[in-house]
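Residue numbers begin at 1 in each chain, while the letters A, B, ... track the order of the sequences. Note that the structure is a prediction, hence the values are computed from the model and not measured.
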Amino acid sequence: MRTMAADFYSAPTHLLARSLLGKILMHGQLGGRVVEVEAYQGPSDRAAHSFGGRLTQRTRVMYGPAGVAYIYLIYGMYTCLNVVSGGEGRPEAILIRALEPLYGVDTMARRRGQSRNLTNGPGRLTQALNIDRSLNGHCLWRDPLFFSDDGFLVQPSAVRQGPRVGVEYAGAAAKFPWRYWIDGHLGVSTR
DNA sequence: CAGAAGATCCCCT
DNA sequence: GGGGATCTTCTGC
(Lines give C-alpha, C1' and ligand atoms only; values in the text may rest on other atoms or scores of the structure.)
Protein backbone atom coordinates (compact mmCIF):
# COMPACT_ATOMS: atom_id res chain seq x y z
CA MET A 1 0.00 0.00 0.00
CA ARG A 2 1.33 3.40 -0.96
CA THR A 3 0.31 6.29 1.25
CA MET A 4 -0.85 9.21 -0.85
CA ALA A 5 1.61 12.10 -0.65
CA ALA A 6 0.66 15.71 -0.02
CA ASP A 7 0.71 16.62 -3.71
CA PHE A 8 -1.99 14.03 -4.43
CA TYR A 9 -4.44 16.48 -2.89
CA SER A 10 -3.49 19.40 -5.13
CA ALA A 11 -5.67 18.16 -7.98
CA PRO A 12 -8.81 20.14 -8.84
CA THR A 13 -11.67 19.17 -6.58
CA HIS A 14 -13.74 17.08 -8.98
CA LEU A 15 -10.70 15.23 -10.29
CA LEU A 16 -9.57 14.57 -6.75
CA ALA A 17 -13.03 13.31 -5.86
CA ARG A 18 -12.83 10.76 -8.65
CA SER A 19 -9.24 9.90 -7.69
CA LEU A 20 -10.31 9.16 -4.13
CA LEU A 21 -12.68 6.46 -5.37
CA GLY A 22 -10.97 3.11 -4.94
CA LYS A 23 -8.35 4.38 -2.49
CA ILE A 24 -8.02 2.93 0.99
CA LEU A 25 -8.86 5.10 3.97
CA MET A 26 -6.92 3.96 7.02
CA HIS A 27 -7.27 5.06 10.62
CA GLY A 28 -4.86 3.04 12.73
CA GLN A 29 -5.65 -0.62 12.14
CA LEU A 30 -9.08 0.16 10.70
CA GLY A 31 -9.68 0.79 7.04
CA GLY A 32 -11.79 0.40 3.96
CA ARG A 33 -12.05 1.25 0.31
CA VAL A 34 -13.64 4.55 -0.72
CA VAL A 35 -16.70 3.82 -2.86
CA GLU A 36 -18.70 7.07 -2.60
CA VAL A 37 -17.80 10.74 -2.25
CA GLU A 38 -19.32 14.18 -2.78
CA ALA A 39 -17.60 17.34 -4.01
CA TYR A 40 -18.32 20.71 -2.39
CA GLN A 41 -17.23 23.59 -4.57
CA GLY A 42 -16.66 26.36 -2.09
CA PRO A 43 -18.00 29.94 -2.18
CA SER A 44 -20.07 29.43 -5.34
CA ASP A 45 -21.77 26.28 -4.01
CA ARG A 46 -24.89 26.96 -1.98
CA ALA A 47 -24.64 23.52 -0.39
CA ALA A 48 -21.11 24.10 0.89
CA HIS A 49 -20.35 25.31 4.40
CA SER A 50 -18.05 27.87 2.79
CA PHE A 51 -20.81 29.23 0.53
CA GLY A 52 -20.37 32.94 -0.06
CA GLY A 53 -16.90 32.79 1.43
CA ARG A 54 -18.20 32.20 4.93
CA LEU A 55 -15.20 32.04 7.25
CA THR A 56 -15.96 30.91 10.78
CA GLN A 57 -14.30 28.88 13.48
CA ARG A 58 -15.82 25.75 12.00
CA THR A 59 -14.96 26.39 8.35
CA ARG A 60 -11.46 27.70 9.02
CA VAL A 61 -9.58 24.55 8.01
CA MET A 62 -11.26 24.61 4.60
CA TYR A 63 -9.30 27.77 3.83
CA GLY A 64 -5.98 26.09 4.54
CA PRO A 65 -3.88 23.75 2.41
CA ALA A 66 -5.38 20.87 0.48
CA GLY A 67 -5.16 17.43 2.00
CA VAL A 68 -6.10 18.20 5.57
CA ALA A 69 -9.15 16.71 7.26
CA TYR A 70 -12.28 18.81 7.77
CA ILE A 71 -14.36 17.03 10.36
CA TYR A 72 -17.57 18.46 11.76
CA LEU A 73 -20.47 17.43 13.97
CA ILE A 74 -23.77 16.91 12.22
CA TYR A 75 -27.25 16.62 13.77
CA GLY A 76 -25.78 16.67 17.23
CA MET A 77 -24.52 13.10 17.18
CA TYR A 78 -22.54 12.17 14.08
CA THR A 79 -19.35 13.39 12.50
CA CYS A 80 -18.51 13.75 8.82
CA LEU A 81 -15.04 13.40 7.32
CA ASN A 82 -14.01 15.66 4.43
CA VAL A 83 -10.81 16.08 2.47
CA VAL A 84 -9.97 19.74 2.06
CA SER A 85 -9.20 20.58 -1.56
CA GLY A 86 -8.74 23.63 -3.76
CA GLY A 87 -5.58 24.86 -2.08
CA GLU A 88 -4.89 27.83 0.19
CA GLY A 89 -7.70 30.35 0.18
CA ARG A 90 -10.01 28.14 -1.89
CA PRO A 91 -12.34 26.49 0.63
CA GLU A 92 -13.44 23.39 -1.25
CA ALA A 93 -13.86 19.89 0.14
CA ILE A 94 -14.80 16.31 -0.58
CA LEU A 95 -17.11 14.44 1.76
CA ILE A 96 -16.34 10.76 2.23
CA ARG A 97 -19.77 9.10 2.11
CA ALA A 98 -19.10 5.37 2.02
CA LEU A 99 -16.41 2.71 2.28
CA GLU A 100 -16.19 -0.98 1.67
CA PRO A 101 -15.04 -2.31 5.06
CA LEU A 102 -11.73 -4.19 4.74
CA TYR A 103 -9.45 -3.95 7.78
CA GLY A 104 -10.55 -4.42 11.37
CA VAL A 105 -14.09 -5.36 10.43
CA ASP A 106 -14.75 -7.00 13.80
CA THR A 107 -13.75 -3.83 15.60
CA MET A 108 -15.93 -1.79 13.29
CA ALA A 109 -18.90 -4.04 14.02
CA ARG A 110 -18.30 -3.66 17.75
CA ARG A 111 -18.07 0.09 17.44
CA ARG A 112 -21.24 0.22 15.36
CA GLY A 113 -23.18 -2.19 17.53
CA GLN A 114 -24.19 -4.27 14.52
CA SER A 115 -22.67 -6.39 11.78
CA ARG A 116 -24.32 -4.65 8.84
CA ASN A 117 -24.21 -1.06 7.61
CA LEU A 118 -20.73 -0.58 9.00
CA THR A 119 -19.45 2.11 6.65
CA ASN A 120 -22.19 2.89 4.12
CA GLY A 121 -22.85 6.46 5.15
CA PRO A 122 -20.76 9.43 6.29
CA GLY A 123 -21.82 9.18 9.92
CA ARG A 124 -21.54 5.42 9.99
CA LEU A 125 -18.03 5.24 8.60
CA THR A 126 -16.61 7.77 11.04
CA GLN A 127 -18.17 5.83 13.91
CA ALA A 128 -16.82 2.52 12.58
CA LEU A 129 -13.30 3.90 12.07
CA ASN A 130 -13.27 5.89 15.31
CA ILE A 131 -12.79 9.21 13.53
CA ASP A 132 -13.86 12.22 15.58
CA ARG A 133 -13.31 15.95 15.69
CA SER A 134 -10.00 15.62 17.51
CA LEU A 135 -8.62 14.80 14.04
CA ASN A 136 -9.95 18.02 12.51
CA GLY A 137 -7.07 19.70 10.68
CA HIS A 138 -5.01 16.52 10.53
CA CYS A 139 -2.72 16.24 7.49
CA LEU A 140 -3.97 13.25 5.55
CA TRP A 141 -0.56 12.21 4.23
CA ARG A 142 0.50 11.19 7.75
CA ASP A 143 -0.33 8.63 10.42
CA PRO A 144 -2.72 7.77 11.87
CA LEU A 145 -5.31 8.91 9.34
CA PHE A 146 -4.45 8.73 5.66
CA PHE A 147 -5.43 7.51 2.21
CA SER A 148 -3.42 4.93 0.31
CA ASP A 149 -3.34 3.06 -2.97
CA ASP A 150 -3.34 -0.73 -2.95
CA GLY A 151 -3.33 -1.08 -6.72
CA PHE A 152 -7.07 -1.47 -7.02
CA LEU A 153 -8.20 -0.30 -10.44
CA VAL A 154 -11.45 1.63 -10.74
CA GLN A 155 -12.94 1.04 -14.17
CA PRO A 156 -13.81 4.46 -15.59
CA SER A 157 -17.05 3.02 -16.89
CA ALA A 158 -17.99 2.00 -13.34
CA VAL A 159 -17.88 5.55 -12.00
CA ARG A 160 -21.37 6.99 -11.63
CA GLN A 161 -22.45 10.45 -10.60
CA GLY A 162 -25.66 12.07 -9.48
CA PRO A 163 -27.12 14.69 -7.14
CA ARG A 164 -25.73 15.02 -3.65
CA VAL A 165 -27.61 13.75 -0.63
CA GLY A 166 -29.34 15.87 1.99
CA VAL A 167 -28.86 19.27 0.38
CA GLU A 168 -32.41 19.98 -0.78
CA TYR A 169 -32.17 23.42 0.80
CA ALA A 170 -29.44 24.45 -1.67
CA GLY A 171 -31.65 25.53 -4.57
CA ALA A 172 -30.23 24.81 -8.01
CA ALA A 173 -27.04 23.42 -6.45
CA ALA A 174 -29.09 20.58 -4.98
CA LYS A 175 -29.33 19.07 -8.44
CA PHE A 176 -25.70 19.34 -9.44
CA PRO A 177 -24.34 15.81 -10.08
CA TRP A 178 -21.44 16.13 -7.70
CA ARG A 179 -21.86 12.83 -5.90
CA TYR A 180 -19.55 10.16 -7.27
CA TRP A 181 -19.67 6.45 -6.57
CA ILE A 182 -18.44 3.12 -7.89
CA ASP A 183 -21.34 1.30 -9.49
CA GLY A 184 -22.05 -2.19 -8.27
CA HIS A 185 -20.59 -1.63 -4.82
CA LEU A 186 -23.03 -2.59 -2.11
CA GLY A 187 -21.12 -0.30 0.18
CA VAL A 188 -22.63 2.79 -1.42
CA SER A 189 -24.80 4.73 1.00
CA THR A 190 -28.53 4.20 0.75
CA ARG A 191 -29.92 7.64 1.49
C1' DC B 1 -40.52 -2.05 2.91
C1' DA B 2 -41.64 2.79 3.29
C1' DG B 3 -42.38 6.77 5.74
C1' DA B 4 -42.36 9.49 10.05
C1' DA B 5 -40.34 10.90 13.94
C1' DG B 6 -36.93 11.33 17.44
C1' DA B 7 -32.25 11.82 19.12
C1' DT B 8 -28.96 15.67 20.26
C1' DC B 9 -25.81 19.74 20.08
C1' DC B 10 -22.90 22.80 17.78
C1' DC B 11 -22.97 26.55 14.76
C1' DC B 12 -24.37 30.81 13.28
C1' DT B 13 -27.63 34.86 13.09
C1' DG C 1 -33.75 30.51 18.42
C1' DG C 2 -33.53 27.70 14.19
C1' DG C 3 -31.65 24.26 11.59
C1' DG C 4 -28.43 20.85 9.81
C1' DA C 5 -23.51 17.32 3.98
C1' DT C 6 -27.39 11.67 9.56
C1' DC C 7 -28.98 7.51 11.42
C1' DT C 8 -32.05 4.64 14.18
C1' DT C 9 -36.37 3.15 15.73
C1' DC C 10 -41.06 2.58 15.35
C1' DT C 11 -45.30 2.30 12.93
C1' DG C 12 -48.36 0.59 9.52
C1' DC C 13 -49.32 -1.95 5.38
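- Atom CE in Met77(A) sits about 10 Å away from atom P in dT8(C), given to the nearest Å.
- Side-chain polar atoms of Arg112(A) and Asn117(A) form no donor-acceptor pair below 3.5 angstrom.
- Under the 4.5 Å side-chain contact rule for hydrophobic residues, Val68(A) and Val34(A) do not share a cluster.
- Phosphate proximity of dT8(C) to Arg124(A): present, with a side-chain N or O under 4.0 Å from OP1 or OP2.
- Secondary structure note: stems in DNA chain C built from 3 or more consecutive Watson-Crick or G-U wobble pairs under 3.5 Å occupy B:1-7 with C:6-12, B:9-12 with C:1-4.
- Rounded to an integer number of Å, the gap from Asp132(A) CG to dC9(B) C1' is 15 Å.
- Remark: Arg46(A) engages no residue in a side chain to side chain donor-acceptor pair (under 3.5 Å) (not counting sequence neighbours).
- Closest non-hydrogen pair, Arg133(A) versus Thr79(A), comes out as CG-CG2, 4.3 Å.
- In this structure, Gly87(A) and Ala66(A) approach most closely via the heavy-atom pair N-CB, 4.0 Å.
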Enumerate all atom pairs, one protein N or O and one N or O from nucleotides 3-5 of chain C, separated by less than 3.5 Å.
from, atom 1, to, atom 2, distance (Å)
dA5(C), OP1, His49(A), NE2, 2.7
dA5(C), OP2, Tyr169(A), OH, 2.4
dA5(C), N9, Tyr72(A), OH, 3.2
dA5(C), N7, Ala47(A), O, 3.4
dA5(C), N7, His49(A), NE2, 3.0
dA5(C), N1, Asn82(A), OD1, 2.5
dA5(C), N3, Tyr72(A), OH, 3.1

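- With a 4.5 Å cut-off on side-chain heavy atoms, Thr59(A) and Phe51(A) do not count as touching.
- Placement of Met4(A) and Met26(A) in two distinct hydrophobic clusters is found when ILVMFWY residues are connected by side-chain heavy-atom separations under 4.5 Å, directly or transitively.
- Side-chain N or O atoms of Arg164(A) include one that pairs as donor or acceptor with a backbone N or O of Ala39(A) at under 3.5 Å.
- In this structure the side chain of Ser50(A) never reaches within 4.5 angstrom of the side chain of Tyr40(A), judged on heavy atoms.
- Scored by the side-chain contact (heavy atoms from CB on, under 4.5 Å) test, Gln57(A) finds Arg60(A) as partners (sequence neighbours excluded).
- A heavy-atom distance below 4.0 Å to DNA chain C is reached by these residues of residues 106-114 of chain A, ordered by number: Arg112(A), Gln114(A).
- Sorted by first and then second residue, the ring-ring contact (aromatic ring centres under 6.0 Å, His included) pairs with a member in residues 72-108 of chain A read His49(A)-Tyr72(A), Tyr70(A)-Tyr72(A); sequence neighbours excluded.
- Distance Ile96(A) CD1 to dT6(C) P: 14 Å, rounded to the nearest Å.
- Across all strands, Arg133(A) comes closer than 4.0 Å only to sugar-phosphate atoms, never to a base (heavy-atom distances).
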